[in-house]
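Notes for the one structure printed next.
Position 1 is the first residue of the sequence; numbering continues from there. Everything numeric here is computed off the predicted structure, so don't read it as measured data.
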Amino acid sequence: MQMKGSEAIMESLIRENADKVFGYPGGAIMITYDALFDYQDKIHHILTRHEQGAIHAAQGYARATGKVGVCFATSGPGATNLITGLADAMIDSTPLVCVTGQVASPLLGTDAFQETDVVGISMPVTKWNVQVKRACDVADAMSKAFYIAASGRPGPVLVDVTKDAQAGLCDFEYTPTTKVRSYVPETLIDKQSLIDAAEIINNAKKPMLLYGQGVILGEAEAELKALVEKSGIPSAWTLLGADALPSDHELNVGMLGMHGNLGPNKKTNQCDVLIAVGMRFDDRVTGDLNTYAKQAKVIHLEIDPAEINKNVKADVAVLGNAKKSLRLLNVLLEEKKHDEWLAEFRQCDDVENNAVVEKTLYPEGDEITMGEAVRIANEVAGQDSILVTDVGQHQMIANRYYKHSTSRTSITSGGMGTMGFGLPAALGAQVGCPEKTVVLAVGDGGLQMTIQELTTLAQENAKVKILLLNNNYLGMVRQWQQLFFDRRYSSTPMFNPDFIKVAEGCHIAAKQVSKREDLQGAIEEMVSYDGAYLLEVKVLTEENVFPMVPSGASVSDVILGEDYEEC
């Protein structure tokens, strides 16, 4: 079939079953948007109010569905507005294909109107990028883009298409990419490494397993559960791995890291074997590397060779897809129970519950806490609802206490910690999973960074339930200022708008609650409402998130607040 390059973009999307696109038009991509007009019955375009909103929405869509997220933007400022989202997707391994328009190829390098070297700018924050200058190269570029974005360790890809490539004619032929020279998405699993790992695990007295998002990306949830149950190993999760194992599983011992649970952090420096699956030993998990798990033999199951020995030296490295690695390893493991060792974690839970959890989830004072609002939202929406969070105190509170029964129900910005991620990501998750209840937990600071996307929710009839936890502060920075800067609250108090009027002005139902006796009913009303809903909860102003490992400290140096007890 002969067609324009812009039409080839549409046909490529159809071949890849990409029927949802988030974007914002402009001059350099107008030809592609003109082609989109004839494909509205096959490709649903969601017009966000900012390009950053478009890419975060594509991320939320990808994380909730497991598909590749797609977004469009024009050249110049349109393309550069994608950079934050690209960086976020890169570090969090989110598969995206971003198509940007570009000035006509004869004008490249002339500083033409809205010309920017987006390929050069985006190179450090993309898995692959390419500039297409001929219509005949569009289909091949799109095919490679989808393959690279989704294979191996997933990530974002950018395809920059000049105006003449969009307008030019080509003979369209689409061949799905199955191989790219010099690109090895996953290596063959070394059998000896599995044997070595199994021997260490079988002889362990106090083993501990850490699992991350690699389990979810590799669709290895069932294999993880089978291995954990056979081996009897207490298992803890990273922020992005929260929903890989059901929250109420008897061997799930909680979250790792700076605001993780007391048990996993303490026991990291007491276990004799540490098994890491699909996680990268981020600094928020390890704390001071000089004191991290020095007594333990480390086994690292990972798809990306670059992560092996990058931060923590592995005694045994098993390279490969988590689903395949765990399945093969499970065959070699002996059936075990580690009841006494598991009981040590539960003793830490008792300490943490008394010092932190009960006060957070069931407070006695007059003011509402973030934790109790999250707890009630979880109880009302159910453990199979999708939780999306922005970044800050509410993020740590929500991810600590929101319970999950199924995978792909926890979506947050991990490695980048991008404020403004939450609202558009919740939009994308709801577009991808319209049958699910999507709850967005967001703070007053983060919401205002992408608040314009409220109108997109209304336009799309995306029934996101927005739990706005408003403490009138940039809460996480304020917490650090309180604990480490003598309460010098520099530029953290927030002078906020009337969020209810803003929401209603964007055609979103809204309500504010400040009294505990009204909270349960307000959340029930929010969740049951047939449409998007913003519930502003006025929460305790100077609430802090504990436990906390101070920056640069050992994971053993956990602060539980004023009621700190040694575990």
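Evaluation of the ring pair (Phe, Tyr, Trp, His ring centres under 6.0 Å) rule for Phe484 yields Trp480 as partners, not counting sequence neighbours.
Looking at Thr84 and Gln52, their side chains never bring a donor and an acceptor atom within 3.5 Å of each other. For the residue pair Tyr402 / Ser385, a side-chain donor-acceptor distance below 3.5 Å is found, with atom types taken as modelled. No side-chain donor-acceptor contact under 3.5 Å links Arg478 and Asn471. Looking only at atom types and distance, the side chain of Glu229 has a donor-acceptor partner in the side chain of His249 under 3.5 Å away. One side chain, Gln192 or Asp196, offers a donor N or O that lies under 3.5 Å from an acceptor on the other. Judged purely by distance below 3.5 Å, without hydrogens or angles, the side chains of Gln59 and Asp88 pair a donor atom with an acceptor atom. Tyr183 and Lys144 form no side-chain donor-acceptor contact under 3.5 Å, judged by distance and modelled atom types alone. No side-chain N or O of Gln482 forms a donor-acceptor pair with one of Glu542 less than 3.5 Å apart. When only modelled atom types and interatomic distance are considered, Glu372 and Thr360 share no side-chain donor-acceptor pair under 3.5 Å.
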Donor-acceptor pairs under 3.5 Å, side chain of residues 426-439 to any protein atom, not counting sequence neighbours: which ones?
residue, atom, partner, partner atom, Å
Gln430, NE2, Cys433, O, 3.3
Gln430, NE2, Lys436, O, 3.0
Lys436, NZ, Asp384, O, 2.9

Before you tell me yes or no, could you show the steps for Arg280 and Glu307 under salt bridge (charged side-chain N to carboxylate O under 4.0 Å, His left out), namely the whole-Å CA-CA distance, both residues' side-chain angles and the distance that decides it to 0.1 Å? CA-CA 6 Å; Arg280 57 188 180 85; Glu307 296 297 344; 5.4 Å; no
Residues Thr492, Gln481; criterion side-chain hydrogen bond (donor to acceptor under 3.5 Å, both in side chains); working and verdict: CA-CA 9 Å; Thr492 48; Gln481 288 173 335; 2.9 Å; yes
Could you give me the CA-CA distance, side-chain angles and deciding distance for Arg327 and Glu223, then say whether salt bridge (charged side-chain N to carboxylate O under 4.0 Å, His left out) is met? CA-CA 6 Å; Arg327 184 181 295 163; Glu223 287 75 13; 3.1 Å; yes
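For the atom pair OG (Ser122) and CG (Leu158), the distance works out to 4.5 Å, reported to the nearest 0.5 Å. Going from atom NZ of Lys266 over to atom SG of Cys271 covers 14.0 Å, rounded to the nearest 0.5 Å. In this structure, the separation between OG on Ser247 and CH2 on Trp237 is 6.5 Å, given to the nearest 0.5 Å. Atoms CD1 and NZ, from Ile189 and Lys324 in turn, are 6.5 Å apart once rounded to the nearest 0.5 Å. To the nearest 0.5 Å, the span separating CD1 on Ile559 from CG on Leu483 amounts to 6.5 Å. With values rounded to the nearest 0.5 angstrom, Lys191 atom NZ is found 10.5 Å from Leu332 atom CG.
Relative ring orientation between Trp341 and Phe345 is described as perpendicular, the plane-to-plane angle rising above 60° on a 0-90° scale split at 30° and 60°.
A salt bridge does not link Lys230 with Glu334: none of the charged nitrogens is closer than 4.0 Å to a carboxylate oxygen. Checked for salt-bridge contact, Asp350 and Arg346 miss the test: no charged N lies under 4.0 Å from a carboxylate O. A salt bridge is absent between Glu221 and Lys225: the closest approach of a Lys/Arg side-chain nitrogen to an acidic carboxylate oxygen does not fall below 4.0 angstrom. Using a 4.0 Å cut-off between charged nitrogen and carboxylate oxygen, Lys206 and Glu344 count as a salt-bridge pair.
Side chain of Glu302 to main chain of Asp304: a donor-acceptor pair is present (N/O by atom type, distance under 3.5 Å, no hydrogens or angles). Between the Asn252 side chain and the Pro246 main chain, a donor and an acceptor come within less than 3.5 Å of each other.
Applying the salt bridge (Lys or Arg N to Asp or Glu O under 4.0 Å) test to residues at least two apart or on different chains, the pairs with a partner in residues 399-414 are Glu352-Arg400.
In Glu219, the CD atom is not crowded: 12 or fewer heavy atoms of neighbouring residues, nucleotides or ligands sit closer than 6.0 Å.
Cation-pi geometry between Arg375 and Tyr401 is not met at under 6.0 angstrom from the ring centre and within 45 degrees of the axis.
Test Asp288, Asn290, Asn269 against Ser554 for side-chain hydrogen bond (donor to acceptor under 3.5 Å, both in side chains) and you get one pass: Asn269. Between His404 and the options Asp248, Thr409, Asp243, a side-chain hydrogen bond (donor to acceptor under 3.5 Å, both in side chains) holds for only Thr409.
You'll find the ring centres of His259 and Phe546 outside the 6.0 Å limit.
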